There are 2 protein chains.
Amino acid sequence: MSSQASSPERGAGGSARREADGSARRAADGSAKRALTRGDVLDAAAAIVKEQGPRALTMRKLAAELGTAVTSIYWHVGNREELLDALVERTVADLGEIRAQGRSPATRIVSVTRALRAQLRGHPHLVAMVHERGLTERMFQPATQALVHEVHAAGLRGTQAAEVVRSLLFQVVGFVLVERNRERAPVQYPGDESLWDEATAEHDPALAKGLAAPPDPERLFLLSVRAMVEGLLGTRPRA
Amino acid sequence: MSSQASSPERGAGGSARREADGSARRAADGSAKRALTRGDVLDAAAAIVKEQGPRALTMRKLAAELGTAVTSIYWHVGNREELLDALVERTVADLGEIRAQGRSPATRIVSVTRALRAQLRGHPHLVAMVHERGLTERMFQPATQALVHEVHAAGLRGTQAAEVVRSLLFQVVGFVLVERNRERAPVQYPGDESLWDEATAEHDPALAKGLAAPPDPERLFLLSVRAMVEGLLGTRPRA
DNA sequence: GCGAGTCTGTAACACTGTTACACCGCCCGC
DNA sequence: GCGGGCGGTGTAACAGTGTTACAGACTCGC
C-alpha cells in the first residue's frame, strides 16, 4: 500500500487536478508537450468507448492514443475499473434534466419515460456500462424526480406512489436493455421467420407474421408504457 | 481453414459424438482413463459457470478441472464462444414447458410471466449469458407459445395479439435483467437512503421511505405485470 | 503391419491488466 | 547555487487470457 508518491486518483471529490494550471512542458526533443491531465485521459477513453465499445478500451490502446505510456494512465485514473467508473459518472452528470410534457399526469408520465429512453439510447454503451456497474439508481435520479412529481400530481401518495415510480423505472430500463440487446445481435437462432408458422401461431397468419417480423421498438415501447400507466393509474393516457 | 483433421465441433446438429461408444482407454501409466467427450466438457463448464459465473470460465481452468490439456477442450468444443453457446443451448433445452394457471386469460397470462421469471431466476448466470449472446428469441419460445395461446383466448388477433405478446416478453425479460443487476450490486452510489429526503420527495415522507428502501421484487413484479396486462387487455387480472 | 482418423500434450504467440522501479524535470526551501 | 522532493513518465517485467501449430499417442479397419 505504501509507495513513494501518493497517486492522485484518490478521493472521489477532487475533480480538477492540473486542469487550472496551464503550465506546458518542454520535452527533451524541444517539441511542445502539454502535461497529461486526468481530463485528457477521460476524453480519450470516452472517445474509444463511444466508437468501439467498452470492451475495446484497453489500457495500452488508450496510452497509445494519448502518445504516452501505460503507467501514466494508471497514475491519473488508478486502474481500468476506476476509469470506467469515472467515465460513467461523467456521462451521467452530463445527461441533464428531464422535463415532462403534456396535460394529464398520465401523458406527462409517458413523456418522461420517452425522454428517459431517448437519453439512454443517445449513449448506447453507457447503458451497458451502468448496467454492469450497478449504478442504475444514481443514473435515473433525474427521471425519478420527474416521475415522483407526476405521480404525485396524479393523486398517488406514499408507498403506493413509490411502487408506481419504481415499476415505471424498471420498465423503461428493462425495455432499453432488451432493445439494445436485440440491436446488437440481430441474427437469432433460429431465425425469426422459421419459428412461427401456421401451427405454432394457432392458425392466425397475421399473428405469425407479427411475431416473425422484427418489432418496431418505438411503437412497442409506447404501447407497453401506455398500458402500464393505464394499469397503474387507472387513467388512459392520450397521445 | 484446411487442417489435418476435421475437428468435431462442427455441424450444429450432431450432439452425440463418442457418448454411445463406451470404450475406455488405457493410459501410458496403466491407470484407467475414459476418453473425454463433448458432454464431459459441457458438464464441467456448466458446473464452473453455475458456481462462479461465466467470467470465471477460462479454458485453462476448465482443462485443469477435467485433468486434460487446453487443446482437448478446443478439439471438442471449438472455442470459448462456441462453448458458451452450447452451454446456453443445452440449458435452454432443459428448461421445459410453461403451463398457464388460473381462470381468466388475464390471470393466466400473469401466471405465465411469473413462471417465466421463476425459470430465469432459477438459472441466474444463464440470463446474462443469453442476454450477451442475443439468444432471447430462442430462449423464450415456450413462454411465447403459452402467451400466444392466452392472448388468443382473450380475444386478441393478428398484429395486435403479436404486439401484446412482445410487450409482455420484453417486460418480463427486462424486469429480470434489472432485478439481477440490483442483486449483484446492492451497494449504490450514493446510497438509497441519502438520495430521498423530505424535499426531493415533495414532502411525502412515506414516499421518500418507499423509494429509499430496497424494493420487494416479487411485489413489484406482480404490480407491474398486472398493471400492464390490465392496460393491454382492458381486463383487470385477479389474484 | 500399416495407414487413417481421433484425440492429447508441448510450447508458443499475441494480447490483456497491473506494478516495481529507475528516471527526468520542475519548483521550493535553504 | 543547489539539493531534495514532488509530479509525472518510461522500461520492463509478471501473471493470466484465448488460441493454434505441431508432434505425437492411441484405436480401429484392413
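All figures in this text were calculated on a predicted structure; none of them were measured in a lab. Naming: A, B, ... by sequence-line order, numbering from 1 per chain.
- Salt bridge annotation for Asp216(B)-Arg166(A): absent, with no cationic side-chain nitrogen under 4.0 angstrom from a carboxylate oxygen.
- Taking atom CD1 of Ile73(A) as the reference point, atom P of dT19(C) lies 14 Å away to the nearest angstrom.
- Side-chain proximity of Tyr74(B) to the nucleotides dT19(D), dT11(D), dG9(C) is greatest for dT19(D).
- In this structure, Leu83(A) places its CG atom 12 Å from C1' of dG17(C), rounding to the nearest Å.
- Scanning all heavy atoms of the two residues, the minimum distance from Ala45(B) to Leu62(B) falls at N-CD1, 3.6 Å.
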Exercise. Carefully, step by step, assess Leu126(A) and Arg121(A) under the rule side chain to side chain contact (heavy atoms under 4.5 Å, CB included).
Key: CA-CA 9 Å; Leu126(A) 183 64; Arg121(A) 291 189 53 77; over 6 Å; no
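- The side chain of His76(B) places an N or O atom within less than 4.0 Å of a non-bridging phosphate oxygen (OP1 or OP2) of dT8(C).
- Atoms CH2 (Trp75(B)) and P (dA25(D)) sit 18 Å apart, rounded to a whole Å.
- Atom CZ of Arg80(A) is separated from atom C1' of dT17(D) by 13 Å (rounded to the nearest Å).
- Between the CG atom of Asp40(B) and the C1' atom of dT6(C) there is a distance of 15 Å, given to the nearest Å.
- Two residues are said to be in side-chain contact when any heavy atoms from C-beta on lie closer than 4.5 Å; Val77(A) and Glu82(A) fail this criterion.
- Under the 4.5 Å side-chain criterion, counting only non-hydrogen atoms from C-beta, Leu83(A) is in contact with Leu42(A).
- For the pair Glu81(A) CD and dT19(C) P, the computed distance is 13 Å after rounding to whole Å.
- Using modelled atom types, one finds no donor on one side chain facing an acceptor on the other under 3.5 Å when comparing Asp94(A) with Thr91(A).
- As a whole-Å value, the separation of Lys61(B) NZ from dA15(D) P is 18 Å.
- Residues of residues 41-60 of chain A having a heavy atom closer than 4.0 Å to DNA chain C, listed by number: Leu57(A), Thr58(A), Met59(A), Arg60(A).
- With sequence neighbours left out, the side chain to side chain contact (heavy atoms under 4.5 Å, CB included) criterion links Ala115(A) to Ile98(A).
- Comparing atom distances between the Ala69(B) side chain and each of dG17(C), dG9(C), dT9(D) picks out dG9(C) as nearest.
- Of the listed nucleotides (dT9(D), dT8(C), dG10(D)), dG10(D) has the atom at the smallest distance from the side chain of Thr71(A).
- Distance Asn79(A) CG to dT16(C) C1': 14 Å, rounded to the nearest Å.
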